[in-house]
Amino acid sequence: MATDRIEKQIDLQAPISRVWRALTDYREFGEWFRVKLEGPFVAGKVTGGFITWPGYEHLRMEVVVQKVEPERYFSYTWHPYAIDPKADYSQETPTLVEFRLEESAKGTLLKVTESGFQKIPSARRLEAFRMNDNGWAQQLKNIESHVAEKP
């Protein structure tokens, strides 16, 4: 299926250590991702909080941290575009979000992949894919601004 995987990347003018902190410190992640997380990212654990994006403040985001390989790889699973407060998404198979960091001439090449959309119920699969595809494009701009403003 052509819409099973979203892949985005951005070359950031910041060292890997700075980008890593923006990705894995839950407070910093919340600043650029626009979510007020209630606790740190710990492999095998759930962390969550409320979205701070205007109009979406009633929505809760939860992720299950899968893997943390310092300054190289960070991943979690979640339920993509889970915006209907009346819907129970807990029975759906979550997608996997992966962040990979590589050194680049500019600083850090950040690659983001979200995969597993084929397992999302067909009634919402295409919209979840489309919204997250646009969302990741925006989030890469957000992290770029964040690491530039707060070195």
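FYI, the numbering just counts along the sequence from 1.
Taking CE of Met61 as the start and CZ of Arg34 as the end, the distance is 13.5 Å to the nearest 0.5 Å.
With respect to the salt-bridge test (charged N to carboxylate O, under 4.0 angstrom), the residues Arg124 and Glu92 qualify. A salt bridge is absent between Arg21 and Glu71: the closest approach of a Lys/Arg side-chain nitrogen to an acidic carboxylate oxygen does not fall below 4.0 angstrom. The pair Glu144-Lys141 does not meet the salt-bridge criterion, since no charged nitrogen lies less than 4.0 angstrom from a carboxylate oxygen. Salt bridge status for Arg72 with Glu102: absent, with no side-chain N to carboxylate O gap under 4.0 Å. We find that Arg5 and Glu114 are not joined by a salt bridge, their nearest charged nitrogen and carboxylate oxygen being 4.0 Å or further apart.
Residues Tyr26 and Trp32 keep their aromatic ring centres 6.0 Å or farther apart. In summary, the aromatic rings of Phe41 and Phe74 are positioned with their centroids under 6.0 Å apart.
Follow the hydrophobic side-chain contacts under 4.5 Å out from Val97 and you reach Tyr56 in the same cluster. There is no path of hydrophobic side-chain contacts, each under 4.5 Å, that joins Val64 to Tyr81. Side-chain heavy atoms closer than 4.5 Å link hydrophobic residues (I, L, V, M, F, W, Y) into clusters, and following such links, possibly through other members, connects Phe29 to Ile10. Under the 4.5 Å side-chain heavy-atom criterion for grouping Ile, Leu, Val, Met, Phe, Trp and Tyr, Tyr89 is not connected to Val63 through any hydrophobic cluster.
Asn132 places no side-chain N or O within donor-acceptor distance of the main-chain N or O of Gly135, the cut-off being under 3.5 Å.
The one candidate from Leu110, Thr113, Asp133 that meets the side chain to side chain contact (heavy atoms under 4.5 Å, CB included) condition with Lys8 is Asp133.
Taking the ring centre of Phe50 as origin, the terminal cationic atom of Arg60 falls inside the region bounded by 6.0 Å and 45° from the ring axis.
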Inset, instruction - Test Thr77 against Gln66 for side chain to side chain donor-acceptor pair (under 3.5 Å), laying out the working first. - result: CA-CA 7 Å; Thr77 55; Gln66 298 299 306; 3.3 Å; yes
